[in-house]
Participant: 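Quick one: the structure is below, and I'll ask about it shortly.
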Number of protein chains: 2
Amino acid sequence: MGAQSSTALGVSSVIADHSGITELFAVLAYGEISAFYRLAEEAKLSPTLRGKVAVAKMAAAEMRHFETLESALAERGVDIFDAMAPYVRALDAYHDSTDPSTWLESMVKFYVGDGIAADFYTEIAGALTPEVATVVRDVLAETSHSEFVVEEVRRAVGTSRSERDRLTLWGRRLLGEAITQAQYVMAQRDELTELVLTATGDLNGIAALFERMQASHAERMAVLGI
Amino acid sequence: MGAQSSTALGVSSVIADHSGITELFAVLAYGEISAFYRLAEEAKLSPTLRGKVAVAKMAAAEMRHFETLESALAERGVDIFDAMAPYVRALDAYHDSTDPSTWLESMVKFYVGDGIAADFYTEIAGALTPEVATVVRDVLAETSHSEFVVEEVRRAVGTSRSERDRLTLWGRRLLGEAITQAQYVMAQRDELTELVLTATGDLNGIAALFERMQASHAERMAVLGI
């Protein structure tokens with residue numbers, strides 16, 4: 001595994017000890033922790049106990065994912081807290097700049113924000129070794145809980161045009177802020193950037209990745225009815 | 001299973017369809033949800049990311065327990081939200097009256113408060129049918145995370161006499177508030193009270209149960225060094 005080989009898709013496969021993999025696991029892990037606390041915080045906006053419980057289940061799922069990453073990093077001899085440190089600022093900045101003011105904004109953020117992250121990481125995972133790709137896909141696994149979000153949002157926007165317009169703008173802002181922070185991280189963390197470059201082929205590959213992410217984002221917005 | 005029979009210990013075993021069992025699962029379930037949100041909230045007091053993660057893991061464990069109870073109630077044909085409703089007030093009152101102002105108070109509350117609840121429910125579980133007792137013991141299972149609490153608190157009280165005195169008073173207050181709310185619940189919910197009476201034998205049995213709980217509480221305080 002000391003060299004890169006071409007896959008059937010023409011994408012380079014990444015060597016198993018690429019130091020960018022540690023970085024990838026670390027940014028995913030801090031993403032899980034920050035999502036956990038945001039969900040727990042935003043659940044306060046829920047008008048019902050049923051909503052609070054649905055959000056608590058989502059938050060608990062994030063922690064299961066965190067534990068998967070913690071094990072994967074431990075197997076690579078890496079302390080998860082040291083590894084996460086460089087990503088705290090960018091992820092906190094994303095959450096601070098997209099602080100929901102209503103329960104519906106919070107639900108849209110969960111669904112749309114998680115989707116954007118999942119698209120990005122899943123594309124990268126496709127180019128990684130099977131073991132690494134399995135870890136990444138496990139922690140990004142869709143949960144049945146997001147169905148709850150779809151129902152809540154569709155019901156709300158179906159009865160209110162102004163709510164729909166407001167949430168449409170909110171969804172766009174989430175994509176914009178996510179891309180801003182992703183660019184910030186890429187500019188700061190050479191090893192992660194190199195991993196993404198290896199996974200996508202070249203700078204054109206990165207541009208194509210971002211285009212596919214925007215298309216998926218539009219599909220998710222349509223699912224929510226916004 | 002239509003009648004009660006005596007066990008080797010002389011304690012009556014409880015019939016499997018005792019309606020108090022639904023009540024017991026319900027109060028446990030709301031306990032898990034409220035603990036989840038309290039832990040997530042109190043984690044903000046943690047001075048380190050390591051502490052925040054430890055608390056998030058505890059909170060996620062509460063949600064796994066909640067899901068066990070949700071399944072057990074569903075098997076009994078009961079909607080968990082309807083069943084929990086009568087317990088919201090007492091458990092919220094307990095948490096409101098024991099709102100920690102420091103990270104250490106929060107840690108002591110987690111360890112001591114969970115211990116008090118576990119003692120109570122484990123004693124009741126001993127008198128239930130094996131299937132019901134298994135559910136109760138599963139959701140009260142000690143987690144390795146509490147070791148984190150013991151280390152943090154012991155270190156703090158070992159170096160500060162005033163901190164130790166303050167946390168000793170805090171621990172006593174937690175026991176007092178827990179008993180106040182337990183009495184409130186027992187006064188309001190006949191079926192649960194009847195279950196506890198059946199499990200403990202009679203009013204003297206309840207008194208003996210509370211004495212054992214106080215002894216266990218004192219042991220836990222000693223473990224924490226307070």
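It should be emphasised that the depicted structure is a prediction, and the values quoted were computed from it without experimental measurement. Order of the sequence lines sets the chain letters (A, B, ...), proteins ahead of strands, with each chain counted from 1.
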Participant: Test side chain to side chain contact (heavy atoms under 4.5 Å, CB included) on A:I80 and B:R50; report intermediate values, then the result.
Facilitator: CA-CA 10 Å; A:I80 197 166; B:R50 219 171 273 272; over 6 Å; no

Participant: Please walk me through it: do A:K57 and B:E70 pass side chain to side chain contact (heavy atoms under 4.5 Å, CB included)?
Facilitator: CA-CA 12 Å; A:K57 286 181 179 177; B:E70 193 173 29; 2.6 Å; yes

Participant: Pair B:F81, A:V53 - check side chain to side chain contact (heavy atoms under 4.5 Å, CB included), show working.
Facilitator: CA-CA 10 Å; B:F81 294 98; A:V53 167; 3.5 Å; yes

Participant: With distance as the sole test, does A:Y37 use its side chain to make a donor-acceptor pair with the main-chain N or O of B:A43 at under 3.5 Å?
Facilitator: no

Participant: I need the residue from B:A56, B:A40, B:A85 with the largest number of non-hydrogen atom pairs under 4.5 Å to chain A.
Facilitator: B:A56

Participant: Side-chain contact, heavy-atom cut-off 4.5 Å: B:Y30 with A:L49?
Facilitator: yes

Participant: Does any backbone or side-chain atom of A:K44 lie under 4.5 Å from a heavy atom of chain B? Answer side chain, backbone, both or neither.
Facilitator: side chain

Participant: Which bit of A:E41 comes within less than 4.5 Å of chain B, counting heavy atoms only: side chain, backbone, both or neither?
Facilitator: side chain

